[in-house]
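Each chain gets a letter, A, B and so on, in the order the sequences are listed, and its residues count up from 1.
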There are 2 protein chains.
Amino acid sequence: MGITKSQIFNDQQNELAAIFRVLANPARIAILEYIGSQQACICNDIVEHIGLAQPTISQHLKELKSIQLIEGEIEGKKMCYCINLSRWNEIQSFLNEFFDNTRINCC
Amino acid sequence: MGITKSQIFNDQQNELAAIFRVLANPARIAILEYIGSQQACICNDIVEHIGLAQPTISQHLKELKSIQLIEGEIEGKKMCYCINLSRWNEIQSFLNEFFDNTRINCC
DNA sequence: TTTATATATCGCAATATTACGATAATAAAT
DNA sequence: ATTTATTATCGTAATATTGCGATATATAAA
């Protein structure tokens, strides 16, 4: 098999897992930290800062965009990426809800 | 290549990614939610509740144990799993730190 | 219009993950 | 001691992920 059986889980569980999956890579963590620390967040700067090949970074940025964690704005021939703050906060709350609701009984 | 280049990232980034990786699966989310909702958390109950094969559940439990999110206690021939509350809280704080520290400037 | 620069996409190789059947290991019950 | 019940491990097939070279695309500069 090898494929996650997402049909047997509910939307909230699948969405949580999807968010965690995007965050489950040190390059993407590093990219988010770098974007968060910069005023300007030019794609090429990210490539140089992280130390992975440009296509690799581009792919990671695409994954981060897929859950709206970051947004890209065209600036001439450059691309300015930034964190989507409202989505950032929304995801943080969503994760905290999961941690808070699950922290209960047992043993 | 296909392997994550963890050498080029720092410990905090790698640890964050490792935690997110364990959480990045709806079956493991469902297992955690189920364990959190029960007083007793017998392995076999988890198997029946989730609806995946017993070896699959056992493997997921192993992953959750690998980051100390849950603990298993032998009770006769049964196994009682429970959430490790101090680790649970520690991880929640660690993730919040990441979200809080990264939520900055840009655009 | 040609050239240079910046980013995205394609295709592939190397690994990692998910799921499960078969089976081993363990402990209670008979 | 044998059987039964519960959980773990092994091996494997199907897929997913990571990373990069080659290349396409797009815009600015010359």
Side-chain angles (χ1 to χ4, degrees), chain A residues 1-9 13-14 17-31 34-35 40-67 70-82, chain B residues 1-9 13-14 16-32 34-35 40-67 70-82:
Chain A
M1 321 285 140
I3 189 168
T4 299
K5 289 188 160 179
S6 45
Q7 338 89 32
I8 71 173
F9 304 105
Q13 290 163 339
N14 284 315
I19 289 169
F20 282 129
R21 194 195 62 75
V22 170
L23 295 170
N25 180 288
R28 292 197 284 270
I29 297 288
I31 289 171
Y34 182 66
I35 292 180
C41 8
I42 305 303
C43 176
N44 202 255
D45 295 348
I46 303 174
V47 173
E48 284 178 15
H49 182 260
I50 304 288
L52 289 173
Q54 179 269 321
T56 306
I57 296 293
S58 191
Q59 196 174 288
H60 284 310
L61 290 168
K62 195 177 175 183
E63 297 247 40
L64 292 169
K65 268 188 289 185
S66 76
I67 59 166
I70 62 172
E71 284 167 345
E73 209 183 331
I74 300 168
E75 282 197 1
K77 63 181 167 185
K78 300 190 177 182
M79 204 61 186
C80 172
Y81 281 102
C82 64
Chain B
M1 318 287 144
I3 190 169
T4 300
K5 288 189 162 179
S6 44
Q7 339 90 31
I8 71 173
F9 304 107
Q13 290 163 339
N14 284 316
L16 262 176
I19 290 169
F20 282 129
R21 193 194 61 76
V22 170
L23 295 170
N25 180 288
R28 292 197 284 271
I29 297 288
I31 290 171
L32 289 170
Y34 182 66
I35 293 181
C41 8
I42 305 302
C43 177
N44 202 256
D45 295 348
I46 302 173
V47 172
E48 284 179 14
H49 183 259
I50 303 290
L52 290 173
Q54 178 269 321
T56 307
I57 296 294
S58 192
Q59 195 174 288
H60 283 310
L61 290 169
K62 195 176 173 184
E63 297 247 38
L64 292 168
K65 267 188 291 184
S66 77
I67 60 166
I70 63 172
E71 283 167 346
E73 207 182 333
I74 300 169
E75 281 196 1
K77 63 182 169 186
K78 301 188 175 183
M79 203 61 185
C80 172
Y81 281 101
C82 65

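Between B:F20 and A:F20, the two ring planes are tilted [angle within 30° to 60°].
Note on B:L52: only backbone sugar-phosphate atoms sit closer than 4.0 angstrom, heavy atoms only; bases stay farther off. At the heavy-atom level, B:E75 lies nowhere under 4.0 Å from the strands shown.
If you measure from atom CD1 of B:I50 to atom P of C:dA19, you get 11 Å, rounded to the nearest angstrom. To the nearest angstrom, P of C:dA19 lies 6 Å from CZ of A:F9. If you measure from atom NZ of B:K5 to atom C1' of C:dA14, you get 13 Å, rounded to the nearest angstrom. Between the CG atom of A:L64 and the C1' atom of D:dT18 there is a distance of 14 Å, given to the nearest Å. As a whole-Å value, the separation of A:H60 NE2 from C:dT9 C1' is 15 Å. Between the CZ atom of B:F20 and the P atom of D:dT17 there is a distance of 17 Å, given to the nearest Å. For A:I57 and C:dT7, the CD1 to C1' distance is 12 Å, given to the nearest whole Å. Note: CD1 (B:I8) to C1' (D:dT18) measures 12 Å, nearest angstrom.
Listed for the B:R28 side chain is no donor-acceptor partner under 3.5 Å among the backbone atoms of B:L64. In this structure, A:S66 contributes its side chain and A:E63 its backbone to a donor-acceptor pair below 3.5 Å.
With a 4.5 Å cut-off on side-chain heavy atoms, B:F9 and A:I29 do not count as touching. B:I70 is not listed as a side-chain neighbour of B:I31, based on a closest heavy-atom distance of 4.5 Å or more. Side-chain contact between A:I42 and A:M79 is absent, with no heavy atoms from C-beta onward closer than 4.5 Å. Annotation: side chain of B:Q59 is not in contact with side chain of B:P55 (no heavy-atom distance under 4.5 Å).
Two residues, A:G51 and A:G76, neighbour DNA chain D, and the one matched to the more 5' nucleotide by heavy-atom proximity is A:G51.
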Taking only N/O atoms, report every protein-nucleotides 7-9 of chain D pair under 3.5 Å with atom names and distance.
from  : atom 1 : to    : atom 2 : distance (Å)
D:dT7 : OP1    : B:C43 : N      : 3.4
D:dT7 : OP1    : B:M79 : N      : 3.1
D:dT7 : OP2    : B:N44 : N      : 2.8
D:dT7 : OP2    : B:N44 : ND2    : 3.4
D:dA8 : OP1    : B:Y81 : OH     : 2.5
D:dA8 : OP2    : B:S58 : OG     : 3.0
D:dA8 : N7     : B:Q54 : NE2    : 2.6
D:dA8 : N6     : B:Q54 : OE1    : 2.9

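Distance from the side chain of B:R21 is smallest for C:dT17 among the nucleotides C:dC20, C:dT17, D:dT17.
Considering only side-chain N and O atoms, B:N25 lies under 4.0 angstrom from the phosphate OP1 or OP2 of C:dT18.
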